[in-house]
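Not measured: the values here are computed from a predicted model. All values below come from the heavy atoms of this structure, side chains included, with hydrogens, waters and symmetry mates left out. Indexing begins at 1, ligand by ligand and atom by atom, following the structure's order.
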Amino acid sequence: MTTMQPTPKATTQGSIEHYDAVIIGAGVGGLYALHHLRTMGLSVRVYDGAAGVGGTWWWNRYPGARVDGPGSPFYCYTFSEDLMQEWDWAETQPDQPSVLAYLEYVADRLDLRRDIQLETWIRDACYDEAAQRWTVETSAGVRISAQFLVCAVGTLSAPNSPDIPGIQTFAGECYHTGRWPQTPVSFAGKRVGVIGTGSSGVQAVPEIAREAAHLTVFQRTPQYSIPARNRPLDPEVTRQVRENWAAIRAQLNANSVGMPFEMSQRLACEDTPEQRLALYEDLWQKGGFHLLFSSYADLLTNKEANRTLAEFVRGKIREVVRDPKTAEKLMPDYYLGTKRQLLDNGYYETFNRNNVTLVDLREDPIQEITPTGVRTTTGNHSLDMLVLATGFDAITGTLLRLNPKGRDGVSLQEKWRARFDTYLGMMIADFPNLFMIHGPGSPSVLYNMPLGAERESGWIGDCVRYLRERGLGAIEPTPDAEKSWDREVTDLANTTLYPLTDSWYTGANIPGKPRQFCVHLGGPLYFQRLSEVAAKGYEGFVFEQERRTEVVAAF
Ligand SMILES: Cc1cc2nc3c(=O)[nH]c(=O)nc-3n(C[C@H](O)[C@H](O)[C@H](O)COP(=O)(O)OP(=O)(O)OC[C@H]3O[C@@H](n4cnc5c(N)ncnc54)[C@H](O)[C@@H]3O)c2cc1C
């Protein structure tokens with residue numbers, strides 16, 4: 001890796017510390033960005049409100065939380081052969097403590113902690129046009145200045161707490177899965193209610209049911225879930241991956257979702273119904289995302305192809321769930337895969353237990369939460385504990401809560417009132433020198449996210465180098481570049497079934513949020529576009545010469 005010389009240190013002017021770059025977030029994205037920019041010789045400071053590194057894997061400690069796609073040993077950093085050789089994954093779908101332990105190991109191994117300040121929320125971020133720098137303010141009121149602001153704030157990081165009448169009055173324990181307590185939570189002997197049956201809900205439900213006296217699952221939208229079939233990772237797989245790491249890394253980079261799947265090229269209509277059934281059965285038994293990615297190429301683009309798989313999974317639900325009425329309540333009705341595809345370890349089986357009740361909120365909506373439980377149209381459900389598995393204000397929520405102020409004091413909330421405009425999912429017009437990792441308009445949540453973070457940080461590093469080598473002080477995209485990027489993202493999405501479904505991908509889970517599918521579905525094409533833009537001298541961007549103010553001269 002190229003190193004910029006000399007390595008600048010942070011400087012202090014008055015009461016303000018100055019860095020080349022401030023990174024917000026010490027998750028998968030922020031940790032790698034720190035390593036990468038620091039290796040280039042930049043002075044960097046990372047801030048995170050959490051009390052530990054790991055982001056998602058620090059916050060989401062609910063029972064059952066684990067990686068589903070792409071599983072071990074591919075949900076990890078790929079840039080370092082050493083890390084790959086050194087870290088042993090135990091299971092095919094590592095659980096939250098394992099991923100957190102891995103990220104803590106990486107932070108220690110790369111000596112990242114000395115540049116990370118934890119338990120520190122960034123409450124404000126303003127661009128100073130004259131200085132060509134960002135000033136951020138922490139929750140303790142401390143101000144810090146940096147030329148570059150890297151927002152690695154997470155796409156699934158701003159919890160969505162439902163606005164249910166009376167929720168504040170509940171007298172029992174109440175936890176959001178995305179803000180799970182650091183100390184163990186016991187369900188033993190308790191009547192527990194879980195609201196929400198998305199990714200976190202289907203992971204938590206089987207675990208809670210095993211321990212609780214009674215579990216009531218409040219379901220608004222039934223979802224398709226595929227067995228994860230988590231199992232011990234075969235040491236032979238680890239050995240082969242280690243021996244062929246360069247080739248496997250190239251394969252991940254070339255894959256449309258950054259995963260080691262063999263993507264099918266075959267169309268569903270090319271097989272007979274019997275052949276399709278046999279293939280679906282085989283992949284269902286294999287478990288994981290294979291069913292979606294390795295069966296047919298047109299499942300997410302062709303309604304009829306999608307229907308064949310949806311019917312198959314609905315049949316599986318009827319097979320597994322013994323009570324036909326409960327099975328019907330669990331029956332999903334949307335294009336399979338167009339909501340975050342769920343993987344589970346015994347979700348549908350849980351509804352065969354005597355201590356589990358399913359409440360279908362479409363026919364029996366919640367009226368209010370009372371001090372002692374949940375009141376639906378048909379009656380009261382007495383509870384000792386409420387678990388809110390209600391997800392996140394995804395992709396844009398955390399950035400909007402940060403609400404940086406760009407040129408002329410324009411706030412991100414104003415800029416994104418109607419549409420989440422970005423260029424390349426990396427930068428925003430009127431917000432010079434602000435970079436996003438996994439921003440709207442990037443592949444973000446539909447890509448192997450550690451790999452995506454690495455590749456995006458690489459682009460950010462190259463961009464910073466480009467500016468520095470030419471004496472440029474600021475970069476931002478043009479509004480026209482944003483418009484054409486929006487068209488590119490939207491045109492790609494419109495070739496698929498994704499925009500036809502209400503989901504957190506489209507913002508439908510948050511009342512009042514603009515409906516926009518803002519994930520770039522190009523996979524390798526996206527990263528090729530990043531490279532092309534850079535190769536053309538950052539086409540679509542405008543630059544400012546560096547203004548040699550006292551502060552800038554300090555570097
Ligand atoms: C339960 C769960 C399972 C998942 N499974 C998978 C999977 O199988 N495969 C996959 O690819 N992805 C998965 N994801 C997505 C996961 O979020 C990403 O893989 C990855 O961890 C995101 O890393 P990040 O650094 O971008 O963001 P995060 O890990 O979300 O980190 C962002 C950090 O920024 C901090 N932050 C935000 N705002 C501020 C602020 N204003 N001031 C200070 N700090 C701030 C937060 O505290 C947080 O620690 C899963 C997510 C969840 C919730």
- For ligand 1, indicate whether the residue Trp180 contacts it via side chain, backbone, both or neither (heavy-atom separation under 4.0 Å). neither
- Query: Which residue owns the protein heavy atom closest to atom 31 (O) of ligand 1, what's the atom, and how far is it?
  - Reply: Gly55 CA, 3.5 Å
- Query: Starting from atom 7 (C) of ligand 1, which protein heavy atom do you reach first, and at what distance in Å?
  - Reply: Gly69 O, 3.0 Å
- Message: Quick check on contacts: which atoms of ligand 1 are under 4.0 angstrom from a heavy atom of Asn60?
- Response: 53 (C)
- Query: Short list, please: which atoms of ligand 1 are under 4.0 Å from a heavy atom of Ser157?
  - Reply: 30 (O), 46 (C)
- Do the rings of Phe289 and Phe293 sit parallel, tilted or perpendicular, given the 30° and 60° boundaries? tilted
- Is the count of non-hydrogen atoms from other residues, nucleotides or ligands lying under 6.0 Å from Gln182 atom CD greater than 12? yes
- Item | Shortest heavy-atom approach to atom 41 (N) of ligand 1 - which of Ile437, Ile122, Thr398 | Ile122
- With under 30° as parallel and over 60° as perpendicular, where do the rings of Tyr498 and Tyr505 fit, or are they tilted in between? perpendicular
- Message: I want to know if ligand 1 touches Ile24 in the polar sense, i.e. an N/O pair below 3.5 angstrom.
- Response: no
- Item | For Ser225, the option from Asn345, Asp344, Asp68 that meets side chain to side chain donor-acceptor pair (under 3.5 Å) | Asp344
- Answer with yes or no whether Ala152 contacts ligand 1, where contact means a heavy atom under 4.0 Å from a ligand atom. yes
- Which of the atoms in ligand 1, numbered in the order shown and given with their element, are less than 4.0 Å from a heavy-atom of Thr120? 43 (C)
- Determine whether more than 12 heavy atoms belonging to other residues, nucleotides or ligands lie under 6.0 Å from atom CZ of Arg113. yes
- Note on the structure: One finds that the ligand 1 atoms under 4.0 Å from a non-hydrogen atom of Asp68 are 7 (C), 8 (O)
- Protein heavy atom at shortest distance from atom 15 (C) of ligand 1: Met449 SD, 3.6 Å
- Note on the structure: Ranking Tyr47, Trp121, Trp59, Trp58 by closest non-hydrogen atom to atom 45 (C) of ligand 1, top hit is Trp121
- Judged by heavy atoms only, the candidate from Trp57, Tyr75, Tyr32 nearest atom 5 (N) of ligand 1 is Trp57
- Note on the structure: Ile395 and Cys518 have their tightest heavy-atom pair at CG2-SG, 4.2 Å
- Query: Where do Gln203 and Tyr62 land on the side-chain hydrogen bond (donor to acceptor under 3.5 Å, both in side chains) test, with the steps shown first?
  - Reply: CA-CA 9 Å; Gln203 287 188 334; Tyr62 60 84; 2.6 Å; yes
- Can you pull out the closest protein heavy atom to atom 27 (O) of ligand 1? Residue, atom name and distance to 0.1 Å, please. Gly154 CA, 3.2 Å
- Query: Between Trp89 and Tyr102, what is the ring plane arrangement, given parallel below 30°, perpendicular above 60°, and tilted in between?
  - Reply: tilted
- Query: Under 4.0 angstrom from ligand 1, any heavy atom of Val99?
  - Reply: no
- Message: Is Ala65 close enough to touch ligand 1? Criterion: a residue heavy atom under 4.0 Å from a ligand atom.
- Response: no
- Item | Within 45° cone and under 6.0 Å: Lys339 NZ/CZ vs Tyr334 ring | yes
- Task: Indicate whether the side chain of Gln96 and that of Arg66 have a donor and an acceptor atom separated by less than 3.5 Å.
- Result: no
- atom 6 (C) of ligand 1: which of Arg66, Arg61, His438, Arg340 has the nearest heavy atom? Arg340
- Message: If the cut-off is 4.0 Å to any non-hydrogen atom of Gly49, which atoms of ligand 1 fall inside it?
- Response: 43 (C), 44 (N)
- Distance filter under 4.0 Å to Gly25 heavy atoms, resulting ligand 1 atoms: 33 (C), 34 (O), 35 (C)
- Query: Just distances here: any N/O of Asn448 and N/O of ligand 1 closer than 3.5 Å?
  - Reply: no
- To atom 48 (C) of ligand 1, the nearest of Val28, Asp48, Thr56, Leu31 on a heavy-atom basis is Asp48
- Note on the structure: Counting heavy atoms under 4.0 Å, the part of Val67 that contacts ligand 1 is both
- Query: So Phe187 and Trp180, would you call those rings parallel, tilted or perpendicular, with 30° and 60° as cut-offs?
  - Reply: tilted
- Message: Is the ring pair Phe79/His35 parallel, tilted or perpendicular, if the boundaries are 30 and 60 degrees?
- Response: tilted
- Message: Using a 3.5 Å cut-off on N or O atoms only, is Gly29 in polar contact with ligand 1?
- Response: yes
- Note on the structure: Residues passing the side chain to side chain donor-acceptor pair (under 3.5 Å) test with Tyr77, sequence neighbours excluded, are none
- Query: On the ring face of Trp58, is Arg61 found with NZ or CZ under 6.0 Å from the centre and within 45° of the axis?
  - Reply: yes
